[in-house]
Amino acid sequence: MSEVRLRFAPSPTGYLHVGGARTALFNWLLARKEGGKFILRIEDTDVARSTQESVDAILEGMTWLGLDWDEGPFYQSDNFPLYREHVEKLLAAGKAYKCYCTPEELEKKRELALAEGRKPKYDGTCRSLTEDVPGAPYVVRFRSPEEGETAFDDLIKGRISFQNEELDDLIIQRTDGTPTYNFTVVIDDATMGITTVIRGDDHVNNTPRQILLYEALGYPVPKFAHVPMILGADKSRLSKRHGATSVMAYRDMGYLPEAMVNYLVRLGWSYGDEEIFSLDDLISKFSIESVGRSAGVFNPDKLLWLNAHYIKTGDPQRLAQLLVPFLEQRGIDHTVGPELVEVVKTLQDRSRTMLEMADGTIFYYAGDFDYDEQSLEKFLTPAARELCADLVARLEQADDLGHDAIAELFGALCSDQGVKMKAVAQPARYALTGGSASPGIYEVIGVLGRDETVRRLRRALEFKKG
RNA sequence: GGUCCCAUCGUCUAGCGGUUAGGACACCGGCCUUUCACGCCGGUAACAGGGGUUCAAGUCCCCUUGGGAUCACCA
């Protein structure tokens, strides 16, 4: 029983998007579950479109999600000699041949075939050439069988079969000598000993050609699992116009990696009625067989709900750390003022994203906000002013400012003055936060502390416009 | 168009021949309450259509319809 080996093989032509992240996650989970290896390979044979920035962005995204790899990253651009070797091998065995047709000729034939309603497949012009044409540019084509069928048992979709006659002689090496995708994946997956290929749905049509290549090369064929696409709300393939698709964009919008992981895994997979899964839960509960066969619509609302859940239940200390960059973005200096962790605790229940949480901290740190005249009049009525003044007096005398003590203090104030909690809480809230929505007034006072609370109350009572 | 895949509430899904078709998000009520939230309770909402097979079909088969993927010297 040899170990399972899985891989994630993105092409570095952009950022790590949610679809890619999900297939990476599935690969990672299966590797961890089976105690195998997870390998990262960068498919950069298209030198023109590949960039180092993209590689960095992809690695950053995976690291953020917590998906670590055991081997790699390997770069296909380092393997050109290996591909070349395999092309020669196929050529020597007569399993591949040189084709001298020019792109223009092929294009013409393709158009003609389409116009006549025939399949636009390679017509085999060079298939039976017996001699090389010296000096002429050529591509190398794989000699694909003309009859029979190629089938495989997809771990997710079940048995899928193709008639070989539908497949044409694919190009494995370009005129410039570089190998093409369908060839390099096979060589790499074979030589890296990949046992299961988990990849996007959009590759099912490539699979039979690849299987034929494995067989022609004498390599064992791996298992395949094709995960369904992620769709936008209009059921078309998820793209930018549906909103953010880059995983890192979600971090920047204040999402937690565990929320993203949880969301992504539940899109197309389930475990009874459970909704909340940590990476550790998933390692034991995930199975590729229970991934659904149909495409799923990306639902930002549910992601948001999960994010809120993880913020609510998260460790305040960690959240405080994660919050710092968002505060800096807003120019909020949290080193002056209340302890950030304490601030976070008052905001966890009412923040769905770290961005929202950052907004929630503003009144704590920017204490000298303006009170606008209308609100001042509305909240600080003469009666309310009296209550606030009383509150100040009581706060100054209090020796304990714990939550319960503050509650008692308010209780005593209300019964002494014969007013409802609301009558004093709302004016106080406005005076302390500058707004009408905030964490509980006791919490706010507790976090602000006596001095700052009193200062703000007095400031509000004395506030003059300008 | 050819090939391949898919089809349960608006969305993610449970269901693996016999269920009042369950859960979650969203939505709508109510409760809690010092605001906003959170939380709790309740509600609306689905087996695409048609044929079979079977005592019995959301579950199995076929067709139709609809959706998606792919048809490059891109990956």
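First the proteins, then the strands, lettered A, B, ... as listed; each starts at 1.
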For C40(B), the Watson-Crick or wobble counterpart (both distances under 3.5 Å): G30(B)
Touch class at under 4.0 angstrom, heavy-atom based, for C99(A) against every strand present: nothing
A46(B) pairs with, by Watson-Crick or G-U criteria that keep both distances under 3.5 Å: none
Complementary nucleotide for A24(B) - Watson-Crick or wobble, under 3.5 Å: U11(B)
Closest nucleotide among C73(B), U3(B), U34(B) to the I171(A) side chain: C73(B)
Ring geometry between F80(A) and Y83(A) (parallel below 30°, tilted from 30 to 60°, perpendicular above 60°): perpendicular
Sugar-phosphate only, base, or nothing, as touched by D44(A) at under 4.0 Å among non-hydrogen atoms: nothing
Which nucleotide in A7(B), U11(B), U3(B) has an atom nearest any side-chain atom of V297(A): U11(B)
Atom pair distance, as rounded to whole Å: CG in D153(A) and P in C5(B): 12 Å
Sugar-phosphate only, base, or nothing, as touched by P439(A) at under 4.0 Å among non-hydrogen atoms: base
Check ion pair R49(A)-D44(A) (N to O, under 4.0 angstrom): no
Side-chain ion pair, K345(A) and E342(A), N-O less than 4.0 Å: yes
Residue matched to A69(B) through Watson-Crick or wobble contacts both under 3.5 angstrom: U3(B)
Closest to the V204(A) side chain, choosing from C73(B), U35(B), C4(B): C4(B)
Candidate nucleotides U35(B), U34(B), G10(B), ranked by approach to the side chain of N299(A) - the nearest: G10(B)
Distance below 4.0 Å between S438(A) side-chain N/O and U35(B) OP1 or OP2: no
Donor-acceptor pair under 3.5 Å, T180(A) side chain vs C73(B) base: no
Pairing of D188(A) and R7(A) as salt bridge, 4.0 angstrom limit: no
Distance, rounded to the nearest Å, where M421(A) contributes CE and C36(B) contributes P: 14 Å
Selection from A14(B), U34(B), G2(B) that lies nearest to any side-chain heavy atom of E166(A): G2(B)
Base C36(B) paired with R350(A) side chain (donor-acceptor, <3.5 Å): yes
Short side-chain N/O contact to U11(B) OP1/OP2 from K235(A), under 4.0 Å: yes
Atom C1', compared across U19(B) and U64(B): separation rounded to whole Å: 29 Å
A69(B) versus C60(B) - spacing of their C1' atoms, nearest Å: 27 Å
Opposite nucleotide pairing with U35(B), Watson-Crick or G-U, both atom distances under 3.5 Å: none
Phosphate-side-chain proximity, R49(A) and A75(B), N/O vs OP1/OP2 below 4.0 Å: no
Polar side-chain contact E275(A)-G23(B) base: donor and acceptor under 3.5 Å: yes
Rounded distance (Å) that lies between atom C1' of U35(B) and atom CD of Q426(A): 4 Å
Touch class at under 4.0 angstrom, heavy-atom based, for G435(A) against every strand present: nothing
Whichever of W269(A) and D202(A) has its nearest RNA chain B nucleotide further upstream toward 5': W269(A)
Whole-Å C1' distance, C61(B) and G43(B): 39 Å
Side-chain N or O of R266(A) closer than 4.0 Å to phosphate OP1/OP2 of A24(B): no
Sugar-phosphate, base or nothing in reach of N182(A), heavy atoms under 4.0 Å: base
K312(A) side-chain proximity, nearest of G39(B), U34(B), U3(B): G39(B)
Touch class at under 4.0 angstrom, heavy-atom based, for H203(A) against every strand present: base
C1'-based separation of U8(B) from A14(B) [nearest Å]: 10 Å
Basic-acidic side-chain contact under 4.0 Å: R127(A), D168(A): no
Rounded distance in Å between the C1' positions of G18(B) and G29(B): 36 Å
Residue W305(A), side-chain atoms from C-beta onward, closest of A7(B), U34(B), A26(B): A26(B)
Closest nucleotide among C38(B), C12(B), A14(B) to the L267(A) side chain: C12(B)
Same-atom distance (P) from C25(B) to A21(B), integer angstrom: 22 Å
Separation between the C1' atoms of A56(B) and G17(B), rounded to whole Å: 7 Å
Sugar-phosphate only, base, or nothing, as touched by F162(A) at under 4.0 Å among non-hydrogen atoms: sugar-phosphate
Touch class at under 4.0 angstrom, heavy-atom based, for T45(A) against every strand present: sugar-phosphate
Residue mapping more 5' on RNA chain B - nearest nucleotide basis, A233(A) or Q76(A): A233(A)
Value in whole Å for how far the C1' atom of C25(B) lies from CG of D273(A): 14 Å
Geometric class of the F224(A)/H226(A) ring pair [parallel <30°, tilted 30-60°, perpendicular >60°]: parallel
Atom-pair distance (OH on Y83(A); P on A75(B)), nearest Å: 11 Å
Touch class at under 4.0 angstrom, heavy-atom based, for S161(A) against every strand present: sugar-phosphate
Integer-rounded Å distance: C36(B) C1' and R352(A) CZ: 12 Å
Proximity to the side chain of E43(A) - top-ranked nucleotide from U35(B), A75(B), C4(B): A75(B)
Lys/Arg-Asp/Glu bridge criterion (N-O < 4.0 Å) met for D169(A), K121(A): no
Electrostatic pair E85(A)-K89(A), nearest N-O below 4.0 angstrom: no
M229(A) CE - U70(B) P separation (whole Å): 7 Å
Options C5(B), A69(B), A75(B), nucleotide nearest the side-chain atoms of D46(A): A75(B)
Span that lies between the C1' atom of A45(B) and that of U54(B), in whole angstrom: 31 Å
Rounded distance in Å - CG (D349(A)) to P (G39(B)): 8 Å
Short side-chain N/O contact to C4(B) OP1/OP2 from R209(A), under 4.0 Å: no
Atom CZ of R352(A): over 12 foreign heavy atoms under 6.0 Å: no
K422(A) atom NZ: more than 12 heavy-atom contacts under 6.0 Å: no
Touch class at under 4.0 angstrom, heavy-atom based, for G296(A) against every strand present: sugar-phosphate
